[in-house]
2 protein chains.
Amino acid sequence: MIKADPRLPRYQQIRDDIAARIARGEWKAGEAIATEAELSSIYGVAIGTIRRAIDELASDGVIERAHGRGMFVRRADFSTSLFRFFRLGSSGERSISPDSRILSRSLATPSDIVRDRLRLGPEDNAIRMIRLRTDGGKVLLREEIWLSATLFGPILDMDIAMLTPLLYPAYERHFGRIVARAKERLTVETADANVACDLEAPAGSSVVRIERQAIDHADHPLEWRTSHGLADQFVYEVDVH
Amino acid sequence: MIKADPRLPRYQQIRDDIAARIARGEWKAGEAIATEAELSSIYGVAIGTIRRAIDELASDGVIERAHGRGMFVRRADFSTSLFRFFRLGSSGERSISPDSRILSRSLATPSDIVRDRLRLGPEDNAIRMIRLRTDGGKVLLREEIWLSATLFGPILDMDIAMLTPLLYPAYERHFGRIVARAKERLTVETADANVACDLEAPAGSSVVRIERQAIDHADHPLEWRTSHGLADQFVYEVDVH
DNA sequence: GAGTGGTCTAGACCACCGT
DNA sequence: CGGTGGTCTAGACCACTCT
């Protein structure tokens with residue numbers, strides 16, 4: 001059942017296996033997963049070990065516990081960690097359900113920075129995507145996304161519908177790769193020609209630049225992304241622990 | 001020894017008591033605290049319960065564990081959670097050790113927003129401070145800080161040296177209040193007269209506005225802060241979990 | 001080797017939820 | 001009420017660090 005590196009602690013192997021089952025659809029969003037006692041006998045470990053594994057999944061927002069009822073696969077809604085920022089272009093607290101449009105997708109030679117951020121070897125190739133996030137026809141964000149071609153090669157030939165609207169769930173579903181955390185870096189700058197054009201704003205507009213390195217449970221970088229949005233409509237909210 | 005609400009789980013009482021001891025200076029920054037076995041006999045609980053308490057302190061960054069060596073009170077250095085942003089005004093990765101200068105400190109009537117963010121009652125008063133963060137004479141950040149007068153009243157009469165350079169450690173030392181997490185919200189705007197003047201920039205300059213609500217372990221807000229810094233020198237880095 | 005934290009066990013009892 | 005997750009125990013053994 002578990003074929004992970006046996007040097008890893010059991011609770012980490014179990015955590016990854018449960019996450020993989022959810023990714024494979026064995027337990028679906030909103031459903032209850034097996035109880036602690038069941039999992040304990042499935043994996044042949046003590047309940048304490050199961051709890052340790054679930055603790056991490058819960059703190060990653062993959063699973064939600066309900067005392068007395070069970071443990072449930074959390075719906076990947078837009079207010080959770082996978083889609084955590086901004087409410088651009090519209091006033092008030094109205095929730096947005098942004099569309100995303102992938103403009104390009106190709107093999108490309110990574111720059112030294114990308115190579116570093118994805119921890120690529122000197123010969124490794126990479127995948128580059130340009131994507132727009134829009135809401136009601138209005139462009140909110142322009143993203144340049146880099147992935148390791150070794151890990152994500154098949155993404156080049158996949159139906160584009162399988163990659164929308166959110167990429168992280170797609171990484172989970174099709175590659176079993178789970179984004180556990182991310183490092184983000186925000187700066188303010190003036191838009192270059194490409195960015196200004198895609199954001200439908202005059203060149204030289206003030207824009208926010210967000211660099212994000214998405215990292216899995218094993219501390220390995222999965223994705224490097226640089227996003228731009230117009231500064232005057234920008235709101236970024238984050239919980240800092 | 002422990003006089004907390006006995007309805008709370010033991011591991012939370014112990015976690016708070018250890019934090020209070022550190023705040024009182026019984027264990028100092030950089031020093032090792034008692035071992036798990038010692039704590040287990042001090043508090044009269046099993047080691048597992050101690051570990052649970054320490055887990056939370058470690059994830060809050062109060063304590064650092066070193067396998068085989070012991071558990072250490074973490075130095076509140078500038079790269080950690082208490083002082084997490086920007087590297088303004090200078091190039092490269094050189095670390096900054098910013099000074100802070102408190103410009104004003106007084107009782108004030110909180111606005112509705114402040115009242116909401118600090119969860120104050122309709123009659124509660126508040127403390128307002130204006131503070132500049134500087135590095136080598138250059139102003140990096142201008143902060144407006146609001147506190148509940150009920151919780152932090154004595155701060156008005158304290159020697160100002162007790163409040164520098166960092167406020168959160170001062171809250172811990174003098175009031176036993178520990179900032180466990182914070183919610184931050186970033187936007188970009190143009191500087192008003194006060195902000196521009198304090199940042200030594202022309203009015204109308206593009207500035208970043210950071211609103212931060214600092215929250216304790218019991219999910220009660222401790223502080224509400226609005227900071228401004230010049231946009232073109234701004235860098236904000238954060239780990240998102 | 002002695003001492004530390006890290007993992008894991010096999011239970012117990014409690015608090016909460018549904019029927 | 002039975003079933004669930006939450007807390008807690010009293011150990012065992014392992015991995016790491018220092019001397």
Side-chain angles (χ1 to χ4, degrees), chain A residues 1-2 4-19 21-22 27 30-74 217-219, chain B residues 1-2 4-19 21-22 27-28 30-75 217-219:
Chain A
M1 182 62 65
I2 294 189
D5 187 339
R7 291 168 306 181
L8 258 45
R10 313 278 292 268
Y11 74 88
Q12 284 183 22
Q13 301 175 32
I14 291 169
R15 177 248 281 151
D16 292 342
D17 189 69
I18 293 175
R21 283 175 185 234
I22 292 171
W27 293 306
E31 284 181 10
I33 69 172
T35 66
E36 294 181 342
E38 286 166 354
L39 292 170
S40 155
S41 83
I42 288 174
Y43 289 106
V45 299
I47 281 195
T49 306
I50 296 295
R51 287 191 58 77
R52 181 83 191 262
I54 300 283
D55 278 347
E56 307 213 347
L57 291 169
S59 83
D60 286 348
V62 176
I63 277 179
E64 219 161 13
R65 293 172 142 136
H67 193 169
R69 292 199 297 130
M71 301 182 292
F72 300 83
V73 179
R74 191 156 167 196
H217 286 295
D219 256 337
Chain B
M1 182 61 63
I2 294 191
D5 187 338
R7 291 168 308 181
L8 258 43
R10 312 280 292 269
Y11 74 88
Q12 285 183 23
Q13 302 176 32
I14 291 169
R15 176 249 280 152
D16 292 341
D17 189 69
I18 293 175
R21 284 175 185 235
I22 292 171
W27 293 305
K28 292 188 186 119
E31 285 181 8
I33 68 172
T35 66
E36 294 181 339
E38 285 166 354
L39 291 170
S40 155
S41 84
I42 288 174
Y43 290 105
V45 299
I47 281 196
T49 306
I50 296 295
R51 288 191 58 76
R52 181 82 192 263
I54 300 283
D55 278 347
E56 308 212 348
L57 291 170
S59 83
D60 286 348
V62 175
I63 278 179
E64 219 162 12
R65 292 171 143 136
H67 192 170
R69 292 199 297 130
M71 302 183 293
F72 299 82
V73 179
R74 192 158 167 194
R75 304 188 167 283
H217 285 296
D219 256 335

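So you know, we letter chains A, B, ... as the sequences are listed, proteins then strands, and number each from 1. FYI, side chains are in, hydrogens and waters are out, and symmetry mates aren't considered; it's all heavy atoms of this structure. Note that this is a predicted model, so its numbers are computed, not measured.
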- Between A:F72 (CZ) and C:dC17 (C1'), how many Å, whole number? 10 Å
- Output yes when at least one side-chain N/O atom of A:Y11 is less than 4.0 Å from OP1 or OP2 of C:dC8, else no. no
- Relative to the 5' end of DNA chain C, which residue comes earlier, A:V45 or B:G68, by the nucleotide with the nearest heavy atom? B:G68
- Message: Can you tell me if B:R69 touches the phosphate of D:dC16, counting only side-chain N or O atoms and a distance under 4.0 Å to OP1 or OP2?
- Response: no
- Quick one: B:E64 CD to C:dG5 C1', roughly how many Å, whole number? 14 Å
- Could you state the CD-P distance from A:Q13 to C:dG6, rounded to the nearest angstrom? 19 Å
- Just checking B:A66: base, sugar-phosphate only, or nothing, at a heavy-atom cut-off of under 4.0 Å? sugar-phosphate
- Query: Does the A:Q13 side chain pair with the main chain of A:L8, one donor and one acceptor, at a distance under 3.5 Å?
  - Reply: yes
- Message: Please determine whether a side-chain nitrogen or oxygen atom of A:R10 lies at a distance below 4.0 Å from atom OP1 or OP2 of C:dT7.
- Response: no
- Query: Of the candidate nucleotides D:dT7, D:dA15, C:dA15, which contains the atom at the shortest distance from the side chain of A:H67?
  - Reply: C:dA15
- Note on the structure: From the candidates C:dT7, D:dA10, D:dT7, the one with an atom nearest any side-chain atom of B:P9 is D:dT7
- Item | B:D55 CG - D:dG6 C1' separation (whole Å) | 15 Å
- Item | Side-chain N or O of B:R65 closer than 4.0 Å to phosphate OP1/OP2 of C:dG6 | yes
- Task: Measure from CD1 on A:I47 to C1' on C:dT7 and round the result to the nearest Å.
- Result: 17 Å
- Query: Of B:T49 and A:T35, whose nearest nucleotide on DNA chain D comes first from the 5' end?
  - Reply: A:T35
- Atom-pair distance (OH on A:Y43; C1' on C:dA10), nearest Å: 20 Å
- Note on the structure: Note: A:I47 and A:S40 closest approach over all heavy atoms is CG1-CB, 3.7 Å
- Are A:R52 and A:R10 side-chain neighbours, meaning at least one heavy-atom pair lies under 4.5 Å? no
- Note on the structure: Here the distance between atom P of D:dC8 and atom CZ of B:R52, to the nearest Å, is 8 Å
- Item | Short N-O contact, B:D55 and B:R65, less than 4.0 angstrom | yes
- Answer yes or no: does a side-chain N or O of B:R51 lie under 4.0 Å from OP1 or OP2 of C:dG5? no
- Note on the structure: From CZ of A:R15 across to C1' of C:dG6 the rounded distance in Å is 15 Å
- Task: Please confirm whether the backbone N or O of A:T35 pairs with a side-chain atom of A:E38, one donor and one acceptor, at under 3.5 Å?
- Result: yes
